[in-house]
Amino acid sequence: MAGPDTSRIRQQVGEVVEACKSGWHVMRHRGPSQLQFWFIALLIGIGAGFAALGFRLGIEFLQSLVYGSDDVRHIRDHAAGLPWYWIVLIPICGGLVVGFILNAFTDDGRVRSVADVIEGSALHNGRVEKRAGLASACASLITLSTGGSTGREGPVVHLAAVISSWVSGLIKADGITGRDLLGCAVAAAVSASFNAPIAGALFALEVVLRHFAVHAFAPIVIAAVAGTVISRWQFGDVAEFSLPLDTALRFYIELPAFLLLGLLCGLVAVILMKSIFWSDDLGTHVQNKIGFPRWARPAVAGALLGLLAIWFPHIIGVGYGTTSAALTGDLLLWEAVVFAVLKVVAVAITMAGRMGGGVFSPSLVVGALTGLAFGLVATGIFPDVSGSQTLYALAGMGAVAAAVLGAPISTTLIVFELTGDWQTGLAVMVAVSLSTALASNLVDRSFFLTQLERRGVHLAAGPQAYLLAMFRVQNVMRGPDHEDAADEDAIWAVIEEGEYVDPNATLEDVMPVFEKTNRAFLPVVTLGKEGEPPTILGALFQVDALRQYNRALAATAAEEHS
C-alpha cells in the first residue's frame with residue numbers, strides 16, 4: 001500500500017497557514033467579518049466573565065483575611081464581634097492603600113467607573129484608559145474588602161471595558177467595532193455579576209451604547225451568555241436573593257400605592273445622587289482648604305466609615321445582607337428607615353473619599369429599604385387591600401436602582417432575574433416608570449450622565465450635543481497650502497479684531513464663535529511670547545465645520561439604525 005504523499009500534505013498545511021495569516025491581516029486592517037466578530041465576542045465574554053468572577057472571589061478572600069468572613073451577606077455579623085478600634089483601623093488602612101495606588105497610577109487620583117465607559121463608547125471609539133482602569137479595579141477591590149460602602153458591579157464593568165479596549169487595539173478596530181466590543185464586555189460583566197444574561201445584554205445596549213442597533217444585538221447576547229455560564233460554573237444557577245412565597249399583587253386597587261412608591265423612590269434616588277455629588281464637592285473644598293495630599297483623602301473617608309460602622313456595621317461592604325433582610329421582611333419600620341439613611345451617608349462618604357466602587361448595589365440596598373418602609377406603612381393603613389410588604393421592597397429596589405442608573409428596562413429585568421420572581425412584574429414596572437421619569441427631570445438623566453456633565457462632557461442630550469467635542473480644529477482647518485485656503489491679508493484682518501482660535505480647541509468651542517460673529521472663517525493660530533506676533537497655521541471655515549458635524553450625525557444615525 002502506497003504511503004502518504006508528504007509533499008501534498010506540506011502543501012495543504014502551507015495553504016492553511018497562509019489562509020490564517022491572510023485572515024489575520026484582513027481582520028487587523030479591515031475589521032473582523034461577522035463570523036469572526038461573533039467569535040471575538042465569545043472570547044471577550046469569557047474574559048469579562050472570568051474578570052467578574054475573579055473580582056468577586058478576590059473580595060471574599062480579602063474579607064476573610066481582615067474581617068474573618070468570606071460571605072458578603074454576613075460580614076456585618078462578623079464585624080460586630082470585632083474590637084471597635086479594629087473596625088475603625090481596617091478602612092483607614094484600606095484607604096491608605098487605595099490612595100497610594102490611585103496617586104501612583106492615575107493623573108487625577110480618581111477611580112474610573114461606568115461613566116468613563118459611557119464616555120469611551122461615545123467619544124473614544126469604544127476605548128477606555130487601561131493603566132488607570134486596572135489601578136481603579138485594584139483600588140475598588142481593596143475598598144470593598146476593607147469597609148467601603150459601595151458596589152462591585154461598576155468596577156467590574158470598567159475592568160471588562162479594559163479587556164475590550166485591549167482587543168480593539170490589537171485588531172485595530174474602527175469606532176463601530178470598538179463600541180460593539182465594548183458592549184460585549186459590559187454585557188458579560190453585568191451578566192456574570194448578577195447571573196442575569198437578559199438584563200446584562202440590555203444594560204450594555206441601554207446604558208453604555210445607548211442604542212438598540214440590530215447588528216450589535218447578536219454578539220452582545222453571545223457575550224452575555226458566556227459571562228453567565230462562567231458565573232454559574234462557580235456559583236450555580238441560583239437567584240441572588242430569595243423571596244417569601246407570598247409576593248403576589250392581590251388587588252388592582254393596590255396599584256395606586258405603587259405609583260406613590262415610584263414617586264417616593266424617584267426622590268430617594270435623587271437624594272442619593274445629590275448626596276454623592278455634594279459630598280464630593282465638600283471633600284474637594286476641604287482638601288484644598290487644609291492642603292492635605294490627595295493620597296490621604298481615601299484614608300480620611302475610611303476613618304469616617306469606621307467610626308460609623310462601630311454602631312452600624314451593616315454599612316460595611318456591598319450590603320447584600322441588608323437587601324436580603326429587606327426583601328424577606330426581617331426588619332422593623334424604624335430599622336428600614338434608619339438603615340436607608342445611614343447607607344446613603346456611607347455611600348456618599350465612600351464616593352467623596354475617592355475610594356472606589358460603584359452605585360449599583362447601594363441603590364439596590366437603599367431601594368429595598370425604602371420599599372419595605374413604604375410597604376409596612378401602606379399595609380398597616382390598608383390591610384384589607386394590601387399584599388405583602390416584601391412586594392413593596394422588591395418594587396422599591398428596582399425603582400431606586402432604575403432612577404440612579406437611568407436604565408428602566410434593564411433594571412426591571414435585573415430585579416426579575418435576581419429574585420427569580422416573574423409574577424410581580426406589574427408592580428415593579430409601575431414603580432420603575434414613575435421613579436425614572438421623576439428622577440431624570442431632576443438630574444441629567446442618570447447618575448453616570450450627571451457625573452460626566454459635571455466634568456464638562458455633555459452626553460445626556462444625545463449625539464447632537466457631544467459630537468462637536470470629538471473634532472479638533474487642527475483636523476478640520478484648511479492649511480496655507482490648501483487650494484481654497486483663506487487669503488493671508490484677510491486672516492490678519494480678522495486677527496487684528498481679536499478673533500482667532502487655538503488648533504487644539506474643539507468644534508464645540510468654536511461653533512458659538514461662528515454663531516456670534518457670523519464669519520465665514522476664523523484664523524487658527526498659536527500664540528508666541530509676549531511681544532511676538534502669532535503664528536498662522538490656517539483657517540477654520542464655518543462650512544467645513546458644519547460639513548464635519550453633518551457627516552458625524554449621519555454616521556451615528558446609520559450605526560444606531562443598522
Side-chain angles (χ1 to χ4, degrees), residues 111 113-118 149-158 186 190 193-194 196 199-200 202-204 206-208 210 261-280 318-320 322-323 326 339-352 356-371 374 393-415 418 428-429 431-454 459-460:
V111 174
S113 63
V114 178
D116 300 276
V117 179
I118 297 172
S149 190
T150 50
R152 66 172 183 250
E153 293 75 28
V156 166
V157 165
H158 196 281
V186 170
V190 174
S193 294
F194 288 114
L202 289 178
F203 181 88
E206 185 179 22
V207 176
V208 176
R210 302 181 69 210
L261 175 62
L263 295 175
L264 174 62
C265 288
L267 292 176
V268 170
V270 171
I271 292 172
L272 173 61
M273 291 184 278
K274 295 283 188 180
S275 297
I276 294 172
F277 299 137
W278 179 83
S279 300
D280 186 73
V318 176
Y320 278 171
T322 305
T323 306
F339 286 4
V341 172
L342 291 175
K343 186 64 178 180
V344 171
V345 173
V347 173
I349 292 173
T350 308
M351 301 292 282
V359 296
F360 206 149
S361 295
S363 65
L364 294 176
V365 177
V366 174
L369 292 170
T370 302
F374 184 93
L394 178 64
M397 182 175 72
V400 172
V404 170
L405 304 181
I409 300 174
S410 51
T411 304
T412 300
L413 289 172
I414 284 176
V415 170
L418 278 175
V428 175
M429 291 175 65
V432 163
S433 61
L434 266 292
S435 68
T436 307
L438 177 61
S440 63
N441 285 288
L442 298 178
V443 296
D444 289 298
R445 295 186 182 273
S446 72
F447 175 79
F448 308 126
L449 295 179
T450 305
Q451 272 187 313
L452 294 173
E453 193 70 29
R454 284 163 53 87
L459 300 186

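Hydrogens, waters and symmetry mates play no part in the numbers below; they use all other heavy atoms, side chains included.
With Val443 as the fixed residue, the side-chain contact (heavy atoms from CB on, under 4.5 Å) test singles out one of Glu453, Lys274, Gln451: Lys274.
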Please list, one pair per line, the donor and acceptor atoms closer than 3.5 Å that link side chains of residues 262-273 to other protein atoms, with sequence neighbours excluded.
none

What donor-acceptor contacts under 3.5 angstrom involve side-chain atoms of residues 397-415, with partners at least two apart or in another chain?
residue	atom	partner	partner atom	Å
Ser410	OG	Glu206	OE1	2.8
Thr411	OG1	Ala407	O	2.6
Thr412	OG1	Pro408	O	2.6

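Nearest heavy-atom pair, Val366 versus Ala340, reported as atom, atom and distance to 0.1 Å: CG2-O, 4.3 Å. Closest non-hydrogen pair, Val111 versus Asp116, comes out as O-OD2, 4.3 Å.
Residue pairs that meet the side-chain hydrogen bond (donor to acceptor under 3.5 Å, both in side chains) test with at least one member in residues 394-403, sequence neighbours left out, do not exist here.
The CZ atom of Arg152 sits 6.0 Å away from atom OG of Ser361, with the distance rounded to the nearest 0.5 Å. The structure places CG of Leu459 at 11.0 Å from OG1 of Thr450, a figure rounded to the nearest 0.5 Å. The distance from the CZ atom of Phe277 to the CG atom of Asp280 is 8.5 Å, given to the nearest 0.5 Å. Atom-to-atom distance recorded for Phe339:CZ and Thr370:OG1 is 13.5 Å, nearest 0.5 angstrom.
A donor-acceptor distance shorter than 3.5 angstrom exists from the side chain of Ser440 to the backbone of Ala437, with no hydrogens or angles considered. At distances below 3.5 Å, not a single donor-acceptor pair connects side-chain atoms of Ser279 with backbone N or O atoms of Ile276.
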Requested in this report: For the pair Phe360 and Val114, evaluate side chain to side chain contact (heavy atoms under 4.5 Å, CB included) and give the outcome as yes or no after the intermediate values.
Outcome: CA-CA 10 Å; Phe360 206 149; Val114 178; over 6 Å; no
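Contacts of Asp444 classified as salt bridge (charged side-chain N to carboxylate O under 4.0 Å, His left out), with partners at least two apart in sequence or in another chain: none. Remark: Thr150 pairs with Thr143, Leu144, Thr350, Met351 by the side chain to side chain contact (heavy atoms under 4.5 Å, CB included) rule, at least two apart or across chains. With sequence neighbours left out, the side chain to side chain contact (heavy atoms under 4.5 Å, CB included) criterion links Arg445 to Leu449, Ala460.
Annotation: side chain of Phe194 is not in contact with side chain of Phe203 (no heavy-atom distance under 4.5 Å).
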